[in-house]
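Just below is one structure, and these are the notes that go with it.
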Amino acid sequence: MYDDSRPERPAPPTRPERPHRTAAVIPAAGRGVRLGPGAPKALRALGGTPMLIHAVRAMARSRAVSLVVVVAPSDGAAEVKNLLDEHALPDRTDILVVPGGDTRQESVRAGLDALPEDVTSVLIHDAARPLVPVDTVDAVVEAVREGAPAVVPALPLADTVKEVEPAGRPGAPEPVVATPERSRLRAVQTPQGFDRATLVRAHETIAVNGEGATDDAGMVEKLGVTVMVVPGHEEAFKVTRPLDLVLAEAVLARRRATDVY
Ligand code: CTP
Ligand code: MG
């Protein structure tokens, strides 16, 4: 009971703040068809280290991230656990491994389902973006902690973009429908950051057909929630096609030469 005979007692906080706990979910269950034949993309080596390990380290490098959930290929969870045991990660970072699904959306959902209750905000980061700098991760976390329910890092486009009427046959000419003004366009990267409850609500209520959502923020937009863009980084590019591996190796070589992350 409140005792007003002790006036020195501090007033109870008017707006009790829930402590922030940020986790990163790394969807890594894709096959990497566009990279060509070989092991699942996340397990292929870059500079001698699997892409997934680079991606986990990139998240763990942020002091804000205390848990990383890796969503492994559905038949590869044991192999992923072994890899994580073999490679050094900061002690302060907890790691969980869960099996993924047939689409990226299902894989992200599996990662969200594994989050402990005390996690308040979540980063979703593609294993296929192994070289994202920690400053980009921190910028996303900070914007979420300041109250934005959804934050994406993005860059202006170099190429002009055309909207076409797809021909349906590879290589066939396609009529242009529109040319959006390039200065208003941004190419979106990861990690994308979310208030956990908002992203879970999006996954529970938004149905996406076909391949599923390739972009978590797009699902949150469909809830009518405003998504904010913060500056991305050119080293946060996605390894998709063979030429991207050449670029990733070059970025790693440059880092080794200059000792900069
Ligand atoms: N991903 C996933 N589960 C899936 C499909 C994709 O966890 N069923 C992950 C990938 O492992 C990757 C990220 O989502 O880290 C982005 O997907 P993408 O770059 O398309 O990778 P893949 O699907 O592996 O590549 P591809 O589309 O060429 O097969
Ligand atoms: Mg894919």
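Note that ligands are numbered from 1 as they come in the structure, with each ligand's atoms numbered from 1 the same way. Just so it is clear, the structure is predicted and the values come from calculations on it, not from any experiment.
Comment: D138 does not engage R63 in a salt bridge, judged by the lack of any side-chain N to carboxylate O separation of less than 4.0 angstrom. In summary, D159 and R182 do not engage in a salt bridge, as defined by a charged side-chain N under 4.0 Å from a carboxylate O. Electrostatic pairing of R196 and D216 does not count as a salt bridge here, judged by no charged N lying under 4.0 Å from a carboxylate O.
Close approach of ligand 1 to R31 is summarised as follows: ligand atoms under 4.0 Å from at least one heavy atom of the residue are 24 (O). With ligand atoms numbered from 1 in the order given, ligand 1 contributes 8 (N) to contacts under 4.0 Å with heavy atoms of D102.
Residue contacts with ligand 1 include A28, since one or more of its heavy atoms lies under 4.0 Å from the ligand. Heavy-atom distances between V71 and ligand 1 stay at or above 4.0 Å for every pair. Assignment of G32 to the shell around ligand 1 is supported, since a heavy atom sits closer than 4.0 Å.
Between A77 and V97 the shortest heavy-atom distance is O-CG1, 4.0 Å.
For a threshold of 3.5 Å applied to N or O pairs, the pair formed by P27 and ligand 1 contains at least one separation below that value. For the pair L35 and ligand 1, the shortest N or O to N or O distance does not fall below 3.5 Å. Looking at ligand 1, you won't find any N or O of T240 less than 3.5 Å from one of its N or O atoms. At a 3.5 angstrom cut-off on N or O pairs, V239 does not count as close to ligand 1.
Although no hydrogens or angles enter the test, the distance criterion places a donor-acceptor pair under 3.5 Å between the side chain of S107 and the main chain of T103. Between the side chain of H54 and the main chain of L46, a donor-acceptor pair closer than 3.5 Å is present. The closest donor-acceptor contact from the side chain of E106 to the backbone of D102 lies under 3.5 Å.
The proximity of K238 to ligand 1, defined as any non-hydrogen pair under 4.0 Å, is limited to the side chain. For S107, every heavy-atom contact with ligand 1 shorter than 4.0 Å involves the side chain, none the backbone.
Heavy atoms from other residues, nucleotides or ligands lying under 6.0 Å from CD of E249 number more than 12.
In this comparison of D215, I124, V33, the heavy atom closest to atom 29 (O) of ligand 1 sits on V33. For atom 14 (O) of ligand 1, the nearest non-hydrogen atom from the set R34, R129, R104, K41 comes from R104.
The structure places CZ of R57 at 13.5 Å from CE of M59, a figure rounded to the nearest 0.5 Å.
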